[in-house]
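One structure below.
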Amino acid sequence: MTLPATAAPRIEVLSVGDELLAGTTQDTNSSFIARELFALGLGLSRVTLVGDTAADLRQAFAAALDRSRVLIVTGGLGPTVDDRTKEVVAEHLGDELELDPSVLEDIRARFAARGRAMPEINKKQAMLPRGGHAIPNPVGSAPGVHWSRAGREIFLLPGVPAEMQAMLRATVLPQLALLFPAAERRLVTFRTCGIAESELAERLQPLMQQHGDVVWAFYPSWGGVDVKLRGQAPAGGVSRAGVADERWAGLCDGVRRVIGHYLYSESPDVTLAEVVRRLLVARGWTMAVAESCTGGLVAARATEVSGSSAVFTGGFVTYANEAKTAWLGVPEDLLAVHGAVSAPVAAAMARGALDRAGAHVAVGVTGIAGPKGGTPEKPVGLVFLALASPEGCWTRRLHLTQRRDMNRAIASQLALDLVRRHCCGLPVGDPE
Ligand code: ATP
Ligand code: MG
């Protein structure tokens, strides 16, 4: 067994279980592991699915082990005869299983706590390899196993997602963090809003080509596109390749320049709503909203973050034309001439909310959410946003999708984004 000659540790997952191949259970374990590894700045190289048949399992394990520096196996640690992962792996590694009395006691105690005697078959779960270490299971009976062999780390975890997750977080990830120090991992997330994935990718193409050793990942959602970059820092002196500090900093600056004012956060956990709240606090401003097609979603989004009461004054959900006139003072003739879904009405809604709520900034949203109600001039997905402040009023015209839920979600996010842009002195839209 020779280790792969790459700088990045090669990590693989082997998901075991007939139910995964039958399609009755989805392999959510590997995606969970992938996400957790990515958050640590480590990447997953391959996922293999295999059934419980011993020969297949043996073959898949041997092949995966041969390729990887770290191999995480989930499933087949239970008490039944079809749970044979531990036995197959121990045999492959030339290790022997022996009864661990303290683990057996723990399992017995778990059953006793529920007023039951331990079935004999559960004894199998207390059989542990001499050459490995038990991984404690805080939420179930079967412990996992960790082997360090020939420069490789092998982790066996149960298939039950709650148990696998708890053990991964409590034991496996901390071990990997020790094994691959933070200084050797590089990870950055650029959260964007208001720019399509394809346009982002096109803009970033030259940088992607220039830095082919960095892993680039695009995660689009209705809220925008997150761009994640993962690289390997040089480690162990000059012998291992990696992205040096200066090059990494230069790359991040390059990405910031290319993404420009679509970038709202570099923290994966910080939402646009939170960014807006912080900006408003910093300016000492308050905001109000006037919504039609989003039916209160902008207000909901603005208030989903703790501390929003300091910056959010209130919102008007004005679905009917009469409500737009009575509650926001939108002139009837404006509605008659331009229609409710128009830039002038969005602007009048924003101005009405600004005045009536006494806020420093207000947004207005009006559009055709669909799937019905579209016309050739005003198709489904047509949305107008407006932002009003004492300095003036700006509007934006959006052409979104055919889906009602998406249109409402995207419009609410982009409405919030107008506030971010206004707070940052960035272009908001066309002057009204
Ligand atoms: P048990 O003690 O329950 O037998 P085990 O370690 O043997 O645990 P499995 O028998 O493979 O695990 O699976 C137990 C449960 O976990 C099943 O409900 C199965 O559907 C689920 N499961 C197994 N593997 C995965 C996976 N990769 N992703 C999601 N769920 C899984
Ligand atoms: Mg099982």
Side-chain angles (χ1 to χ4, degrees), residues 11-38 44-61 63-65 68 70-93 95 97 99-100 103-114 116-129 132-147 154-173:
I11 307 180
E12 293 201 16
V13 165
L14 180 62
S15 299
V16 184
D18 282 342
E19 72 275 22
L20 303 173
L21 296 183
T24 47
T25 298
Q26 271 195 5
D27 177 22
T28 55
N29 282 352
S30 60
S31 41
F32 181 87
I33 295 170
R35 280 195 302 277
E36 294 286 309
L37 288 175
F38 208 108
L44 194 55
S45 301
R46 196 190 288 213
V47 175
T48 308
L49 288 190
V50 67
D52 293 311
T53 313
D56 287 340
L57 180 49
R58 203 173 293 130
Q59 210 173 40
F61 176 78
L65 185 63
S68 32
V70 175
L71 178 56
I72 303 172
V73 185
T74 83
L77 295 191
T80 58
V81 282
D82 63 338
D83 293 321
R84 47 174 75 93
T85 306
K86 196 168 50 184
E87 291 73 9
V88 165
V89 170
E91 193 191 332
H92 182 87
L93 297 177
D95 204 348
L97 299 177
L99 189 76
D100 184 318
V103 172
L104 184 63
E105 244 351 274
D106 284 351
I107 299 175
R108 265 197 224 287
R110 282 188 73 85
F111 278 94
R114 283 178 282 149
R116 292 172 52 201
M118 186 193 83
E120 263 314 284
I121 58 163
N122 281 83
K123 223 173 163 181
K124 180 167 167 277
Q125 294 181 296
M127 299 294 289
L128 287 174
H133 303 279
I135 301 176
N137 184 341
V139 286
S141 57
V145 184
H146 173 202
W147 277 278
I154 304 150
F155 298 94
L156 302 194
L157 301 175
V160 184
E163 298 181 21
M164 186 286 296
Q165 291 170 13
M167 294 160 80
L168 185 84
R169 285 194 168 143
T171 306
V172 180
L173 296 177

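Indexing begins at 1, ligand by ligand and atom by atom, following the structure's order. Along the sequence shown, residues carry numbers from 1.
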Heavy-atom closest pair (Trp147 atom, Lys86 atom, distance to 0.1 Å) is CH2-O, 4.5 Å
In short, Val16 meets Gly51 closest at the heavy-atom pair CG1-O, 3.8 Å
Ligand 1 atoms in contact with [X] (distance to a heavy atom under 4.0 Å):
X: Leu20; value: 25 (C), 26 (C), 27 (N)
X: Thr25; value: 20 (O), 29 (C), 30 (N), 31 (C)
X: Pro161; value: 16 (O), 29 (C), 30 (N)
X: Pro158; value: 6 (O)
X: Asp27; value: 26 (C), 27 (N), 28 (N)

Answer side chain, backbone, both or neither: which part of [X] comes under 4.0 Å from ligand 1, heavy atoms only.
X: Asp83; value: side chain
X: Glu163; value: neither
X: Asp82; value: neither

- State whether the shortest distance between N or O atoms of Pro79 and N or O atoms of ligand 1 falls below 3.5 angstrom. no
Decide whether an N or O pair under 3.5 Å exists between Gly159 and ligand 1.
yes
Begin from the C-alpha positions of Leu157 and Glu163 and carry the test side chain to side chain contact (heavy atoms under 4.5 Å, CB included) through to its verdict. CA-CA 8 Å; Leu157 301 175; Glu163 298 181 21; over 6 Å; no
Who gets closest to [atom] by heavy atom: [options]?
atom: atom 11 (O) of ligand 1; options: Gly17, Ser15, Gly144, Gly76; answer: Gly76
atom: atom 14 (C) of ligand 1; options: Val73, Asn122, Val160; answer: Val160
atom: atom 29 (C) of ligand 1; options: Thr24, Ile33, Thr28, Leu77; answer: Thr28

Would you mind reporting whether Leu97 and Pro129 have side-chain heavy atoms less than 4.5 Å apart?
yes
The complete set of salt bridge (Lys or Arg N to Asp or Glu O under 4.0 Å) pairs with one or both residues in residues 45-60, sequence neighbours excluded, reads none
ask   = Does ligand 1 have any atom sitting under 4.0 Å from a heavy atom of Gln26?
value = yes
Next on the checklist: Is it the case that atom CD in Glu19 sees more than 12 heavy atoms from other parts of the structure closer than 6.0 Å?
Outcome noted: yes
inquiry  = Does the plane of the ring in His133 sit parallel, tilted or perpendicular to the ring in His146? Use 30° and 60° as the thresholds.
reply    = tilted
message = Donor-acceptor pair, distance only, cut-off 3.5 Å: does the side chain of Lys123 make one with the backbone of Leu104?
response = no
Side chain to side chain contact (heavy atoms under 4.5 Å, CB included) with Thr74: of Asn29, Val160, Leu14, only one passes, and it is Asn29
